[in-house]
Amino acid sequence: MEPIAVIDFETTGISPGQSCRATEIAAVIVEDGRIVGRFQSLMKTGVWVPPFIENLTGISNAMLHAAPPADEVMEAVAEFVGDIPLVAHNASFDQKFWDAELALIRRQRRQTFACSMLLARRLLPQAPNHKLGTLNSWARLPVTGKAHRAMADAEMAANLTLFMTGQLRDQHGIQAISHNLLCRLQKVPAAKIGEALKLARNA
DNA sequence: TGCCAGGCCCTCTTTAGGGCCTT
């Protein structure tokens, strides 16, 4: 598979806007079955972090006060990722923040997102649930650090994506695995995934 | 004033409702 960039945002809430901004971004580049590059930074936006989010992520208002400005961080991570296709766990969430934070520095996303959660629902239906942490423990993937910090979660999502592409290759006999295939599979109705995997194997 | 996401997926479905998943 071509290189992919797996990203994860920590934020002050659930939907980007004036009172909800990113607090941390991590991106890892995955190539030849392993992580070959890492970017991580807190980012200062001036938006207050509610106590619930401080408790969840461990990212405090004091930590962000000393962080680099969001525009500088987003410029840097956009350069780091370049045109490499993106992956995130529940990508609709990270895509909203990626697009919103880029728009604030007058940049536009040029690549598509694949979603490790939508893929896991189809490829790993036997998992107890499809939360990132649960899937990583269930698949016995490495512990990458404190959950709900951007780099730990990005590495977990990267390892999970590698686990699923490994299954596509080894269990389903699919040789031509690409970001585009992941994007196609995540849209197949869950009940028809077997059919789609057969088609991909014979392609 | 009071509200506050949204796309996906399943089912006791399709003229709908509710859980999942991300912070």
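Just so you know, these numbers use all the heavy atoms, side chains as well, and skip hydrogens, waters and symmetry mates. Letters A, B, ... are given to chains in the order of the sequence lines, protein chains preceding strands, and every chain is numbered from 1.
Here A:His89 does not reach the OP1 or OP2 of B:dC21: none of its side-chain N or O atoms lies under 4.0 Å away. An OP1 or OP2 oxygen of B:dC21 is reached within less than 4.0 angstrom by a side-chain nitrogen or oxygen of A:His130.
Two residues are said to be in side-chain contact when any heavy atoms from C-beta on lie closer than 4.5 Å; A:Thr57 and A:Glu24 fail this criterion.
Remark: C1' of B:dC8 and CZ of A:Phe113 are 17 Å apart, rounded to the nearest angstrom. Nucleotide B:dC21 holds its P atom 12 Å from the NE2 atom of A:His148, rounded to whole Å. Rounded to whole Å, atom P of B:dC8 lies 11 Å from atom CD of A:Gln95. We find that CG of A:Asn136 is positioned 15 Å from C1' of B:dT22, with the value rounded to whole Å. With rounding to whole Å, A:Met117 atom CE is found 5 Å from B:dC21 atom C1'. The distance from atom CG of A:Leu135 to atom C1' of B:dT22 is 13 Å, rounded to the nearest whole Å. Rounded to an integer number of Å, the gap from CD1 of A:Ile14 to P of B:dG6 is 11 Å.
Considering A:Arg110, A:Met74, A:Glu75, A:Gln108 in turn, A:Met74 is the only one that fulfils the side-chain contact (heavy atoms from CB on, under 4.5 Å) rule with A:Leu102.
Backbone-only contact: A:Asn129 has heavy atoms under 4.0 Å from sugar-phosphate atoms and none from a base. Residue A:Phe97 is out of contact with every strand shown, counting any heavy-atom pair closer than 4.0 Å.
Of the candidates B:dT22, B:dT23, B:dC10, B:dT22 carries the atom nearest the A:Lys131 side chain, counting heavy atoms from C-beta on. For A:Leu118, whose side chain is taken as the heavy atoms from C-beta onward, the closest listed nucleotide among B:dC8, B:dC10, B:dT23 is B:dC8. Of the candidates B:dT23, B:dG6, B:dC20, the closest approach to any side-chain atom of A:Arg121 belongs to B:dC20. Side chain of A:Leu132, nearest nucleotide from B:dA5, B:dT22, B:dC10: B:dT22. Side-chain atoms of A:Thr11 lie closest to B:dT23 of the nucleotides B:dA5, B:dT23, B:dT22.
Atoms CE and CD1, on A:Met164 and A:Ile177 in that order, are 11.5 Å from each other to the nearest 0.5 Å.
Comparing the C1' positions of B:dG2 and B:dA16 gives an interatomic distance of 25 Å, to the nearest angstrom. Spacing of C1' atoms, B:dT14 relative to B:dC10, comes out at 13 Å, to the nearest Å. Taking the C1' atoms as reference points, B:dT13 lies 9 Å from B:dG17, given to the whole Å. Comparing the P positions of B:dG19 and B:dC12 gives a spacing of 14 Å, expressed to the nearest Å. Comparing the C1' positions of B:dG6 and B:dT23 gives an interatomic distance of 14 Å, to the nearest angstrom. Nucleotides B:dT15 and B:dT22 are separated by 31 Å at their C1' atoms, to the nearest Å.
Taking the six-membered ring where tryptophan is involved, the planes of A:Phe9 and A:Phe97 are tilted, since the angle between them lies from 30° to 60°.
At distances below 3.5 Å, at least one donor-acceptor pair connects side-chain atoms of A:Thr165 with backbone N or O atoms of A:Thr161.
Using a cutoff of 4.0 Å between basic side-chain nitrogens and carboxylate oxygens, A:Arg149 and A:Glu10 are not scored as salt-bridged.
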